[in-house]
Number of protein chains: 4
Amino acid sequence: MSSSFGRLYVVTTFGESHGPAVGVVVDGLPPGVPVTPEIVQHELDRRRPGQSSITTQRQEADRVEILSGVFEGVSLGTPIAMLVRNTDAKSRDYAALKDVFRPGHADYAYMQKYGVRDHRGGGRSSGRETVGRVAAGALAKTALQTIGVSIMGGTVRVKDVQAVRRDWAEVEKNPVRCPDAEIAPRMIEVIEAARADRDSVGGVVETVASGVPAGWGDPTMAKLDAMLGAAMLSIPATKGVEIGGGFAMCELHGSQTNDVFEGDRFLTNYSGGIAGGISNGAEVVVRVAVRPATSIGKPQRAATETGETRTIEIEGRHDPCICPRVVPVAESMLAITLMDAWLRQRALRGRDR
Amino acid sequence: MSSSFGRLYVVTTFGESHGPAVGVVVDGLPPGVPVTPEIVQHELDRRRPGQSSITTQRQEADRVEILSGVFEGVSLGTPIAMLVRNTDAKSRDYAALKDVFRPGHADYAYMQKYGVRDHRGGGRSSGRETVGRVAAGALAKTALQTIGVSIMGGTVRVKDVQAVRRDWAEVEKNPVRCPDAEIAPRMIEVIEAARADRDSVGGVVETVASGVPAGWGDPTMAKLDAMLGAAMLSIPATKGVEIGGGFAMCELHGSQTNDVFEGDRFLTNYSGGIAGGISNGAEVVVRVAVRPATSIGKPQRAATETGETRTIEIEGRHDPCICPRVVPVAESMLAITLMDAWLRQRALRGRDR
Amino acid sequence: MSSSFGRLYVVTTFGESHGPAVGVVVDGLPPGVPVTPEIVQHELDRRRPGQSSITTQRQEADRVEILSGVFEGVSLGTPIAMLVRNTDAKSRDYAALKDVFRPGHADYAYMQKYGVRDHRGGGRSSGRETVGRVAAGALAKTALQTIGVSIMGGTVRVKDVQAVRRDWAEVEKNPVRCPDAEIAPRMIEVIEAARADRDSVGGVVETVASGVPAGWGDPTMAKLDAMLGAAMLSIPATKGVEIGGGFAMCELHGSQTNDVFEGDRFLTNYSGGIAGGISNGAEVVVRVAVRPATSIGKPQRAATETGETRTIEIEGRHDPCICPRVVPVAESMLAITLMDAWLRQRALRGRDR
Amino acid sequence: MSSSFGRLYVVTTFGESHGPAVGVVVDGLPPGVPVTPEIVQHELDRRRPGQSSITTQRQEADRVEILSGVFEGVSLGTPIAMLVRNTDAKSRDYAALKDVFRPGHADYAYMQKYGVRDHRGGGRSSGRETVGRVAAGALAKTALQTIGVSIMGGTVRVKDVQAVRRDWAEVEKNPVRCPDAEIAPRMIEVIEAARADRDSVGGVVETVASGVPAGWGDPTMAKLDAMLGAAMLSIPATKGVEIGGGFAMCELHGSQTNDVFEGDRFLTNYSGGIAGGISNGAEVVVRVAVRPATSIGKPQRAATETGETRTIEIEGRHDPCICPRVVPVAESMLAITLMDAWLRQRALRGRDR
């Protein structure tokens with residue numbers, strides 16, 4: 001029932017993958033922020049299908065149209081509605097699977113929840129819904145940039161191949177969006193092998209925000225960690241999230257993981273830039289676990305609406321690893337979350353910092 | 001600014017660790033649910049300090065008082081306020097650290113956020129805030145039980161010692177709350193070693209809900225995964241959360257992790273009971289990464305409010321591993337999250353399932 | 001910052017009067033409700049300009065496009081986005097007033113709030129924003145009708161001319177939408193006189209819901225009265241709202257205004273169908289005070305952005321009385337409010353009644 | 001289901017009239033605001049029973065206890081929980097009416113909504129719930145005062161007796177809280193006459209905020225008018241609200257009611273300080289219609305839970321006119337609403353004005 005994220009920077013997405021359009025309403029962008037179709041299109045182009053050999057070969061232009069909230073190139077402070085028409089909607093690919101619950105997909109859960117569903121391409125559960133998130137994220141990034149907050153992201157793991165370095169300038173130079181130029185080719189190899197096998201692989205996407213002032217995020221229920229947990233786990237195909245040291249901290253002692261502040265900075269960042277739910281001035285670091293894409297060509301057993309089981313092969317052009325396309329989405333959710341935290345802090349103190 | 005969790009089952013906690021009281025207002029519990037001080041006290045006793053040799057030796061009775069919303073032993077449908085007085089508040093323990101930002105703690109972030117803070121024992125950032133969560137969770141568990149939903153939880157990892165079995169009946173039989181009776185003693189050893197060293201260790205807490213009907217949780221922004229992500233990462237000292245297969249799925253292929261439904265059940269549960277953000281009828285499985293407790297007796301370097309650095313030793317009676325006490329809190333947050341999802345689904349379909 | 005109304009039936013409007021489009025996202029309509037462009041268009045046609053001699057002569061077709069949330073003629077339970085393009089946007093009419101704060105309008109307040117504004121036709125403050133409300137209201141009416149709740153509305157007062165009867169079948173038969181066929185011509189006379197004088201008049205719109213079961217609405221902060229107060233006073237140009245007996249009850253005694261239930265019904269309805277914030281099964285009756293339209297052709301003194309005062313005449317085709325066009329908007333807000341209360345009650349009790 | 005008001009200054013009340021306590025949690029008060037029991041008690045004393053001959057003779061001390069969110073006399077920025085014990089709870093007065101639905105009361109609606117109810121003194125629907133609002137309002141007033149916003153209120157009408165002058169300094173000098181010293185005695189006469197007749201009378205309470213900067217309030221759904229509509233109609237026994245010119249504007253022309261700004265101020269204030277939902281710098285003026293109190297001693301016909309009708313006399317010590325006691329409540333709701341709007345505007349612009 002809730003397609004909205006955020007309390008002060010409120011992002012509401014809409015749209016099914018094979019309906020007329022997908023889009024978003026962004027309510028809460030302060031007035032005077034530069035907003036142009038180009039700013040949004042730039043980010044959408046990073047998310048769209050068909051970018052490289054290791055992503056789906058579907059061709060969707062995904063042209064954004066801004067419907068409201070902007071006047072003479074800047075935001076008005078009123079809701080900004082943005083629309084992307086669905087053009088490459090080959091519904092016929094899905095007719096054969098109309099009464100099948102695809103394994104790993106949300107088909108069965110949707111049917112149980114709603115009693116009706118748009119079976120074509122996952123409908124609302126499709127990754128296509130993230131178009132609206134990326135559009136909203138583009139505006140959040142632009143606004144955050146005005147106060148010196150930058151958002152980076154990349155694929156830091158594919159199957160058992162892990163990035164060692166974090167050179168964010170490398171990310172857009174390789175198709176897997178890996179911040180480690182040496183490791184990227186090995187990730188690509190793994191992905192190509194999965195595709196050849198009509199299978200898919202999982203991975204980890206890391207996002208980082210630099211320049212976040214200390215003081216953002218609320219204690220208790222609206223901790224910045226908690227908001228990021230919701231943000232990241234609302235992205236399709238994610239099943240884990242960790243902040244800073246994350247799960248690896250379990251193996252350490254408090255004397256190791258207590259970040260010490262000395263001089264003008266923290267010597268370590270196990271907290272991932274967040275202490276007690278509140279930013280502490282260090283880089284905010286969030287990693288998200290991306291499961292292997294559920295749409296695979298390989299034959300699988302599947303239940304049908306009538307209770308039988310049959311073997312299916314999902315036709316279509318699938319992503320063998322969705323990490324490269326999750327990167328701009330995860331960045332967007334980080335930007336959206338920080339935007340909301342920023343505005344909350346402004347409400348509390350009446351100033352930017 | 002937000003101390004509330006949930007949209008329909010709204011849990012609002014209040015209180016500082018050394019103020020007059022901590023507590024909670026629960027708004028949205030349906031009418032007719034049994035509510036007694038005993039039901040709540042039972043869960044609070046699982047959370048309170050001083051339960052065993054491996055938790056803090058502080059003695060706090062933590063007696064709950066129910067102030068509203070209950071009449072003749074059942075809920076009225078109106079807000080239920082519950083209160084626990086702070087009795088063992090030894091503020092003098094903290095006077096020495098008044099102007100110090102304890103490493104790993106939220107002291108510095110709070111000061112940056114608010115400009116003022118209650119320095120005594122972490123104030124609002126104290127684990128003591130979770131008293132209200134556990135009280136609210138006790139009511140949620142009771143309500144969920146009426147429709148056959150059960151909540152279990154336990155410590156499944158301490159440092160590098162991992163539980164193999166999940167025998168939930170064992171949990172209350174060992175002080176570390178491990179669901180694997182054979183592994184529990186080894187966990188305790190690790191914790192005792194840390195305490196002897198005036199240090200702390202981290203671990204992983206797992207919670208499971210059985211009996212959750214398919215259809216709970218919303219797509220997109222209010223995915224059940226997302227709500228659980230927020231719920232778990234709002235618990236103090238948590239820095240990671242994963243659902244079902246979680247981070248380990250990164251290493252697998254889609255052909256392995258796509259849960260197949262056959263006969264009347266799923267053959268695997270990589271989804272952790274949630275597909276597309278909606279429960280699919282399998283067990284809901286959530287694990288949370290608990291960092292090593294930040295309060296340690298071992299000497300540490302720490303910054304002060306005036307910008308100097310000095311060596312401190314945090315006096316007091318600390319938890320060398322907070323996993324055993326996080327268990328009832330994580331269970332509570334799972335129950336609270338499911339309660340909210342249940343009521344949302346009732347709103348959508350007008351019936352319980 | 002908030003363009004959304006409702007908690008479970010969430011209506012978010014967007015759009016400026018002279019931007020590319022106005023529209024709405026409706027999140028929370030249960031699945032299986034009939035949704036077609038015709039259902040929505042029918043209500044939009046009641047709101048659109050150019051319907052009669054006593055409304056503005058602007059011609060705007062206001063064709064609705066449904067972008068999401070519907071499949072094979074019924075709602076999916078996912079967000080329904082609806083769009084109406086702005087076609088008759090004669091921006092040049094407004095160029096002359098670019099730097100003027102029109103009296104009674106929101107121009108000055110917007111400038112103070114945002115620092116920027118779309119000066120053309122009021123931008124976001126234009127009555128044109130209500131297009132989205134009426135579209136959302138059409139869906140709410142359809143859903144409510146499935147359980148026997150009907151929404152009626154009409155103009156019951158224009159200046160000092162008051163309707164005596166409430167014959168709702170008459171409403172669409174006269175251009176002022178008066179439920180009293182004998183009084184309607186006198187209302188029209190008053191409106192025509194104002195128009196001849198390039199002036200405007202105010203009035204009162206009444207809306208009624210029949211068939212509302214007892215039990216909708218929450219006590220205290222989300223009283224049904226309170227939600228209706230917010231709903232109605234969020235409509236442009238309204239400055240008062242009353243429920244049931246309203247302000248007139250001030251003159252009476254409790255022994256007169258205490259509605260007595262006898263047999264199977266209330267003998268009077270001073271409560272307007274709501275007791276303690278909760279529907280009591282009687283008709284829900286809400287009246288809203290509509291101020292004289294602020295756009296008038298008559299010369300007026302007005303301040304400018306640079307602090308001067310000059311005399312202006314607002315060109316264009318204005319409504320001399322906006323009551324007839326407020327009727328479908330007020331009906332929509334009543335339907336939206338009841339829809340939300342219905343879903344809340346379903347959440348509380350797990351059934352429709 | 002919702003006992004909370006506000007988005008950034010969130011006020012959540014709890015408690016039944018004859019339960020252990022009533023109270024409130026205030027979440028969102030910025031840090032550094034002076035908070036003492038005395039500040040809150042001062043306002044509670046204006047609301048409590050037994051103040052004068054024309055209010056109920058019940059004696060309740062209504063001593064407030066502050067449980068959290070305050071340290072060394074100032075707010076911490078964390079939730080402030082406040083509690084008032086119920087002491088004069090003569091439940092026996094209500095036993096006789098246990099199975100009766102008192103006319104005008106919410107008894108029947110509660111039973112239909114919840115299926116259970118606390119029949120003693122109205123339970124949650126009692127005016128006693130407003131204790132929490134007044135406590136929250138006291139803090140809001142204190143915070144608003146720091147930026148020069150003052151809240152006034154008084155009884156401006158009782159039955160057909162209307163105040164002419166608005167001399168707010170007079171309000172606390174007469175028991176009816178009338179801002180017109182000459183009119184007050186006539187109001188008192190009317191109230192005394194109603195009491196002698198074991199009946200009650202209605203009236204109108206007006207509240208005014210001066211010093212509100214232009215720019216507070218949002219367009220469309222969160223208009224300041226709309227928020228005030230919700231705030232005022234959430235007060236027990238209110239059935240109407242109007243802003244500025246209100247219902248009386250219906251009789252006028254736009255050329256009369258369009259407030260003209262000239263020099264440095266508006267020449268009239270038909271808008272009640274709000275244009276397009278946004279404050280315009282003029283005084284914010286809100287009036288609320290208070291129905292005759294529903295608790296009267298006079299014999300009345302009433303339905304019972306078993307469907308019969310009988311004649312009842314409600315024992316106890318009732319308010320013959322609740323206007324004097326509504327005044328501090330309405331002031332509080334105005335302060336709470338403005339507080340929320342202030343914080344929203346700070347979020348939008350990053351500064352106080």
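Letters go in sequence order (proteins before strands), and every chain restarts at 1.
- With a 4.5 angstrom heavy-atom cutoff, C:K159 touches chain D via backbone and side-chain atoms both.
- Of the listed residues (C:G203, C:G229, C:S234), the one with the most heavy-atom contacts under 4.5 Å to chain D is C:S234.
- With a threshold of 4.5 angstrom between heavy atoms, D:V241 approaches chain C through its backbone and through its side chain.
- Within the 4.5 angstrom heavy-atom criterion, atoms from both the backbone and the side chain of C:V201 approach chain D.
- Across D:V204, D:V11, D:D160, D:L252, the residue that shares the most heavy-atom pairs under 4.5 angstrom with chain C is D:L252.
- The contact between D:S4 and chain C is made entirely by backbone atoms, counting heavy-atom distances below 4.5 Å.
- Using a 4.5 Å cut-off between heavy atoms, D:M232 makes no contact with chain C at all.
- You'll find the ring centres of D:Y108 and C:F261 inside the 6.0 Å limit.
- In plain terms, the two heavy atoms of D:I314 and D:I296 that are nearest each other are CB-O, 3.4 Å.
- Contact count against chain D (heavy-atom pairs under 4.5 Å) is highest for C:G115 among C:G6, C:G115, C:A302.
- Salt-bridge annotation for D:R117 and D:E305: present, with a side-chain N of the basic residue lying under 4.0 Å from a carboxylate O of the acidic one.
- Applying the salt bridge (charged side-chain N to carboxylate O under 4.0 Å, His left out) rule to pairs touching residues 239-260 of chain D yields C:R157-D:E251, C:D225-D:K239, D:E242-D:R287, sequence neighbours excluded.
- Take D:E313 and apply the side chain to side chain donor-acceptor pair (under 3.5 Å) test, not counting sequence neighbours, and it matches D:R198.
- Ion pairing between a basic and an acidic side chain is recognised when a charged N comes within 4.0 Å of a carboxylate O; C:R195 and C:D319 show no such pairing.
- Take D:R265 and apply the side chain to side chain donor-acceptor pair (under 3.5 Å) test, not counting sequence neighbours, and it matches no residue.
- Summarising the geometry of C:I278 relative to D:Y114, their closest heavy-atom pair is CD1-CE1, 4.5 Å, with the distance given to 0.1 Å.
- C:S279 touches chain D through its backbone: at least one of N, CA, C or O sits under 4.5 Å from a heavy atom, while the side chain does not.
- Residue with the most contacts toward chain C among D:L233, D:V161, D:N258: D:N258 (heavy-atom pairs, distance under 4.5 Å).
- Within residues 122-133 of chain C, the residues having any heavy atom closer than 4.5 Å to a heavy atom of chain D are C:R124, C:E129, C:R133, listed by residue number.
- Heavy atoms of D:F5 lying under 4.5 Å from chain C belong to its backbone as well as its side chain.
- The most heavy-atom pairs under 4.5 Å with chain C, out of D:R301, D:E308, D:K298, D:M111, come from D:R301.
- Put simply, of D:G276, D:P320, D:A275, D:G254, the one with the most heavy-atom pairs under 4.5 Å next to chain C is D:G254.
- Heavy atoms closer than 4.5 Å to chain D are found in both the backbone and the side chain of C:S255.
- For the atom pair CE of D:M221 and OG1 of C:T12, the computed distance is 7.5 Å after rounding to the nearest 0.5 Å.
- Counting heavy-atom pairs closer than 4.5 Å to chain D, the top-ranked of the candidates C:N280, C:D199, C:D197 is C:D199.
- The greatest number of non-hydrogen atom pairs below 4.5 Å with chain D, out of C:G202, C:G215, C:A230, C:C250, is found for C:C250.
- Contact count against chain D (heavy-atom pairs under 4.5 Å) is highest for C:T294 among C:V260, C:T294, C:T309.
- In terms of modelled atom types and a separation under 3.5 Å, the side chain of C:R291 and the main chain of D:T257 share a donor-acceptor contact.
- The side-chain tip of D:R344 does not point at the ring of D:W342 from less than 6.0 angstrom away and within 45° of straight on.
- Residue contact with chain D, scored on non-hydrogen atoms closer than 4.5 Å, involves the side chain of C:F266 exclusively.
- With chain C as partner, the option from D:G272, D:A303, D:S271 having the largest number of non-hydrogen pairs under 4.5 angstrom is D:S271.
- Minimum heavy-atom separation, D:P299 to D:T311: CB-CG2, 3.9 Å.
- Note that CE of C:M227 and CG of C:L224 are 9.0 Å apart. Values are rounded to the nearest 0.5 Å.
- Once rounded to the nearest 0.5 Å, the distance linking CG of D:D218 with NZ of C:K113 reads 4.5 Å.
- Looking only at heavy-atom pairs under 4.5 Å with chain D, the residue among C:G104, C:A248, C:G307 that has the most is C:G104.
- The contact between D:I274 and chain C is made by backbone and side chain atoms together, counting heavy-atom distances below 4.5 Å.
- C:S295 and C:H105 form a side-chain donor-acceptor contact under 3.5 Å, judged by distance and modelled atom types alone.
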Would you sort out whether D:V284 and D:L228 count as a side chain to side chain contact (heavy atoms under 4.5 Å, CB included), showing the intermediate values?
CA-CA 10 Å; D:V284 173; D:L228 288 169; 4.0 Å; yes

